[in-house]
Student: 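Dumping the structure here so I can ask a few things about it.
Just so it is clear: chains get the letters A, B, ... in the order the sequence lines come, proteins before strands, and each one is counted from 1. All values reported here derive from a predicted model rather than from experimental measurement.
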Amino acid sequence: MQKNLVIVESPAKAKTIEKFLGGDYKVMSSYGHIRDLKKREISIDEKTMEPQYEIPADKKKVVAQLKSEAKKAEKVWLASDEDREGEAISWHLCEVLGLDQQQTSRIVFHEITKPAILKAIEQPRMLDMNLVNAQQARRVLDRLVGFKLSPVLWRKVKPALSAGRVQSVAVRLIVDREREIQKFKSEPYYALQAVFTLDDNGKQVELKATLDHRLKSQEEVDALMQQMKQATFTVDSVQKKPVKRSPAPPFTTSTLQQEAARKLGFTVSQTMLVAQHLYENGHITYMRTDSVNLSSLCLNTAKTAINALYGEKYSHPRQFHTHAKGAQEAHEAIRPTYMDRQTIEAPQQEQRLYELIWKRTAASQMADAELEKTTITIEAECGHANGDNSAAQKTLFTATGEVVTFDGFLKVYRPTEGDDTQADTDEGKLLPPMHKGQSLERMEMTATERFSTPPARYTEASLVHKMEELGIGRPSTYAPTISTIQQREYVQKGDTKGQERPYTITTLKGQSLTHRKKSEMAGSDKGKLLPTDIGLVVNDFLMQHFPNIMDYSFTANVEQDFDRIAEGKEQWEKMMKAFYKKFEPTVEQTLKSRSEHKAGERVLGNDPETGRPVMVKIGRFGPVVQKGTADEKEKPVFAQLPKKFSMEAITLEEALELFRLPRKIGEYEGKTVTINTGRFGPYAQHDGKYTSLGKDFDPMTITLEEAIGLIEAKRKKEAEKHIKSFDEKPGLEVLNGRWGPYIVYEGKNYRLTKQQKERAKELTLEECLEIVKA
DNA sequence: CAGTGAGCGAGCTTCCGCTTGACTT
């Protein structure tokens, strides 16, 4: 007979807490929400806004266990997180387990430490129904938006698409950014660098300095260079000032995802998976958090660890405060459980992420770095031989240097710059000692043509950063949202090929001025998020009909309403009814507006041969070009849009080319050979078999002979494919694939080791079954 | 990882937040 039952959200947490509380307490986990709106239907009464909840199939078992333990216990404590969702979890537990709200204690804690838990037990409270209602409003709003908008897309764009408060805005960010980049006009400018020499105790030393402003044209560069030929240079000012740099706060989910991407090359979901392991093994605190708060326990142990490792002057305990929009701060920041463990025994990825977390946490408790920043300005004086002594022209160069006088937190953690900052830093650059009035000798001067750069495309991590800034999404949903928008094919990670761009370098050496042309690749990008045709069409469609939902501040605005509900100042059903009253008619209207054209459809022109209209649109299976319409006598002709074309940019000429496929190129062995292009690129079809053309052949120009060659090559490979089979086990075969021999058994493939591959022909049935089993 | 190749008139699809599952012996 158990006296007390405590219910928390996470099983790892349950284990820890049980240790703190001792024998009178049993601690169990609800594994998150135990009840939700029904999966398939909208499950909201559109008049009253009353939600219909159910226990999802995969939660039945947990609920049954909780029920039976709750019955046995004298007292039940609900210890879910202290935020909207956590309060709702507790309320659902009350409802489902049949607990009396008056008899049930709701407790909360923000850190999993013994004093925090014991203190929480001493301060139980009742369920906060206002907070629960704020969650219900959130839940109902998201369901209404998602389940009303998605079907509109199925009708107007393409089946199985989805829209939602979070994902649609995430896509919009990427679409807007891409359009900004396309619109961007790159302007050239010229950055001028000079090398001087000066005398430092009899030694000639070099000094690099930069012109204090950018030049706009080559003419300006040439004119200035002419002046510089005769100019004399003196030090105008020497300024030294101490600068302090402070460490960044410890990790939240979003900053961890960003830093792991930059420093370790992890994807957002990879980071979460690895962090989950670290958490389950007790190495770090909870990894889904928006808080930068550290427990006093951590502050103390961090101090001890830093003192021991680096000495007292490196220690500087500090507490950080969260500024993120809509942060709910139910947990601590992400930190090591034990600060005295600088490293752990674990698989490599976990080790690396752990060390990153340790360093970031430690650095946050360390002293500021102190630097000395030196700025030297150099004046060029140009003599005016013609006696024209109008306003003296002042040309200034600046040289900056930075010296770390005390490294502080930099000893363990170097901050990485944002995505779009340039790599040039003055860090570690030491300038020779100089004084005002000192004269310098000009050596070489170089003006390099540069180009203003458009805003950077989003990476997974920088998108998360932006979403957090706008208050869209939560720590638990960043990674899933990024997967969703890629799964729906709204965006994809891709490479953009740059364009070759010439630029000019102008050099003044001695008295001779030279111009050199070079070229660089501009605008190339790797692995960045790009909108697809479908993403563009869906985004434009939603922007046109539902600008309110697509507004970047929509979430922030409704959050304010949720806050008012949480404070008991507004009724949640009232708020939802008001929203729905405006929203629902727009949905109806959009569905009803039976326009002839599908969303995103674009007419390119007419086929010069038949006069039939040619258009691009999103078809049942993605973007297609179409010739003719359904109401004409002759059926319309379709062709899938190959990847290299975009719906926005394809021309009539390019589209007409696409209709030239499928192309019959002749006969072989009495059967026609047809060339077409499909999902996996161009292919030849012959005798019911398909042969890929590969990259070397163009489907428009390939000859019959070339195609036959490919067909024969494929046949040969096909024949070599089969290595071995066994009469006793017809389902088992040893085959030769793209990566050498492998075993196929009952529809599944099994790889072989290097040694096994070498003697693939001699493998026995027993050996094969062994491999399958392993 | 191990081979793919249709259709454009029917089925199904979808949201955001919480949380990790486990057919063995």
Side-chain angles (χ1 to χ4, degrees), chain A residues 8-13 29-37 39-44 56 58-59 61-62 80-81 83-90 92 135 138-155 158-168 273 276-277 279-280 286 288 328 330 472-478 480-481 484 488 555 598 617-622 624 626 630 635-640 662 674 676-685 688-692 714 717-718 721 735-744 748-752:
Chain A
V8 296
E9 291 180 37
S10 146
K13 219 187 221 181
S29 156
S30 74
Y31 293 83
H33 276 292
I34 54 150
R35 220 165 53 147
D36 191 16
L37 295 172
K39 218 170 162 222
R40 299 223 112 84
E41 306 136 51
I42 192 141
S43 306
I44 295 159
D58 58 333
K59 283 289 161 64
K61 210 171 137 190
V62 190
S80 49
D81 299 343
D83 57 17
R84 227 162 41 203
E85 299 298 328
E87 203 68 16
I89 288 174
S90 280
H92 283 300
Q135 193 274 346
R138 199 280 304 155
R139 182 69 190 92
V140 165
L141 176 82
D142 284 338
R143 173 54 70 88
L144 288 175
V145 170
F147 274 40
K148 287 286 171 184
L149 285 190
S150 300
V152 177
L153 295 180
W154 304 343
R155 278 269 289 275
K158 186 174 171 293
L161 293 177
S162 65
R165 173 176 60 83
V166 172
Q167 57 168 289
S168 296
L273 195 74
Q276 177 84 29
H277 283 143
Y279 169 67
E280 282 168 6
Y286 198 56
R288 290 186 274 265
Q328 307 202 6
I472 298 166
R474 304 276 313 131
S476 66
T477 59
Y478 294 138
T481 302
T484 302
R488 300 265 177 280
T555 290
K598 279 188 89 172
K617 65 177 193 186
I618 306 269
R620 173 80 180 76
F621 305 99
V624 286
Q626 180 182 348
K635 266 193 164 181
V637 189
F638 294 92
Q640 193 195 320
T674 316
N676 203 352
T677 174
R679 279 195 289 173
F680 315 106
Y683 63 94
Q685 189 175 14
K689 292 208 166 113
Y690 301 89
T691 309
S692 189
K714 165 129 190 210
K717 227 168 123 193
E718 198 81 343
K721 188 179 153 189
L735 298 179
N736 202 2
R738 240 159 86 186
W739 290 275
Y742 67 99
I743 294 173
V744 60
K748 280 188 179 169
N749 300 315
Y750 303 87
R751 57 191 299 185
L752 302 176

Student: Which part of the nucleic acid, if any, lies within reach of V166(A) when heavy atoms closer than 4.0 Å are counted: base, sugar-phosphate only, or nothing?
Tutor: sugar-phosphate
Student: Tell me what G32(A) touches on the nucleic acid: a base, only sugar-phosphate, or nothing, going by heavy atoms under 4.0 Å.
Tutor: base
Student: After noting the C-alpha distance and the side-chain angles of R488(A) and K158(A), does the key distance pass the side chain to side chain contact (heavy atoms under 4.5 Å, CB included) rule?
Tutor: CA-CA 11 Å; R488(A) 300 265 177 280; K158(A) 186 174 171 293; over 6 Å; no
Student: Base, sugar-phosphate, or nothing: which does A88(A) touch, judged by heavy atoms less than 4.0 Å apart?
Tutor: nothing
Student: Between dT14(B), dC18(B), dC16(B), which nucleotide gets closest to the side-chain atoms of I89(A)?
Tutor: dC18(B)
Student: Once you apply a heavy-atom cut-off of 4.0 Å, does L161(A) come out as touching a base, just sugar-phosphate, or nothing?
Tutor: sugar-phosphate
Student: Mind checking G86(A) for me? I need base, sugar-phosphate or nothing, with any heavy atom below 4.0 Å counting as a touch.
Tutor: nothing
Student: Closest approach to the side chain of S162(A), judged atom by atom: which nucleotide of dT14(B), dT13(B), dT20(B) is it?
Tutor: dT14(B)
Student: Decide yes or no for H92(A) and E87(A): does some side-chain heavy atom of the first lie under 4.5 Å from some side-chain heavy atom of the second?
Tutor: no
Student: So what does Q276(A) hit on the nucleic acid, given a heavy-atom distance under 4.0 Å: a base, only sugar-phosphate, or nothing?
Tutor: sugar-phosphate
Student: Between dT19(B), dC15(B), dG17(B), which one does the side chain of D81(A) approach most closely?
Tutor: dT19(B)
Student: Strictly below 4.0 Å: does Y690(A) bring a side-chain N or O up to OP1 or OP2 of dA6(B)?
Tutor: yes
Student: Regarding S29(A), tell me which of base, sugar-phosphate or nothing describes its non-hydrogen contacts under 4.0 Å with the strands shown.
Tutor: nothing
Student: Can you figure out which of dT20(B), dT13(B), dC18(B) approaches the side chain of S476(A) most closely?
Tutor: dC18(B)
Student: At 4.0 Å (heavy atoms only), tell me whether T477(A) reaches a base, stays on the sugar-phosphate, or touches nothing.
Tutor: base
Student: Starting from C1' on dT4(B), measure out to CZ on F621(A) and report it in whole angstrom.
Tutor: 16 Å
Student: Under 5.5 Å centre to centre and under 30° between planes: does that hold for F638(A) and the six-membered base ring of dC8(B)?
Tutor: yes
Student: Go nucleotide by nucleotide along DNA chain B from the 5' end; which of H33(A) and W154(A) gets its closest nucleotide reached first?
Tutor: W154(A)
Student: Determine the Euclidean distance between corresponding P atoms of dT14(B) and dT19(B); express it in Å to zero decimal places.
Tutor: 23 Å
Student: Of the candidate nucleotides dG5(B), dC12(B), dC15(B), which contains the atom at the shortest distance from the side chain of R143(A)?
Tutor: dC15(B)
Student: Could you state the CD-P distance from Q135(A) to dC18(B), rounded to the nearest angstrom?
Tutor: 9 Å
Student: If we take the C1' atom in both dG11(B) and dC15(B), what is their distance in whole Å?
Tutor: 22 Å
Student: Taking the minimum atom-to-atom distance to the side chain of E9(A), which one of dT14(B), dG5(B), dC18(B) wins?
Tutor: dC18(B)
Student: Taking atom P of dT14(B) as reference, at what distance in whole Å does atom CG of L153(A) sit?
Tutor: 12 Å
Student: As a test of reading the structure: which of dG5(B), dG17(B), dT14(B) is closest to the side chain of E85(A), going by heavy atoms?
Tutor: dG17(B)
Student: Given dG17(B), dG5(B), dC15(B), identify the nucleotide with an atom nearest to the side chain of Q167(A).
Tutor: dC15(B)
Student: To the nearest Å, how far apart are R40(A) CZ and dC15(B) P?
Tutor: 12 Å
Student: dC8(B) P sits how many Å from Q640(A) CD, rounded?
Tutor: 14 Å
Student: Check whether any side-chain nitrogen or oxygen of Y286(A) sits under 4.0 Å from OP1 or OP2 of dT19(B), and answer yes or no.
Tutor: yes
Student: What is the distance, rounded to the nearest whole Å, between atom CZ of R35(A) and atom C1' of dC18(B)?
Tutor: 15 Å
Student: Looking only at side-chain atoms of P11(A), point me to the closest of dT13(B), dT19(B), dC12(B).
Tutor: dT19(B)
Student: Could you tell me whether a side-chain N or O of T477(A) sits under 3.5 Å from a main-chain N or O of R474(A), the two making a donor and an acceptor?
Tutor: yes
Student: Between E9(A) and Y286(A), is any pair of side-chain heavy atoms under 4.5 Å apart?
Tutor: no
Student: Are the ring of Y31(A) and the base ring of dT19(B) both nearer than 5.5 Å at their centres and tilted by less than 30°?
Tutor: no
Student: Which is it for S10(A) and S29(A) under the side-chain hydrogen bond (donor to acceptor under 3.5 Å, both in side chains) test, yes or no, and what are the steps along the way?
Tutor: CA-CA 5 Å; S10(A) 146; S29(A) 156; 5.9 Å; no
Student: Among side-chain atoms of Q167(A) and S162(A), is any donor-acceptor pair under 3.5 angstrom?
Tutor: yes
Student: Expressed in angstrom and rounded to an integer, what is the separation of R488(A) atom CZ from dC12(B) atom C1'?
Tutor: 12 Å
Student: On DNA chain B, check which nucleotide each of P682(A) and K635(A) is closest to and give me the residue with the more 5' one.
Tutor: P682(A)
Student: Return yes if the base of dC18(B) and the side-chain atoms of R474(A) contain a donor-acceptor N/O pair under 3.5 Å, otherwise no.
Tutor: no
Student: Return the nearest nucleotide to the side chain of R288(A); candidates are dT19(B), dC12(B), dC15(B).
Tutor: dT19(B)
Student: Quick one: do D36(A) and R143(A) make a salt bridge, cutoff under 4.0 Å?
Tutor: no
Student: May I have the distance from R165(A) (atom CZ) to dT14(B) (atom P), rounded to whole angstrom?
Tutor: 19 Å
Student: Quick check: does any side chain N or O of K714(A) sit under 3.5 Å from a backbone N or O of Y690(A), one acting as donor and the other as acceptor?
Tutor: yes
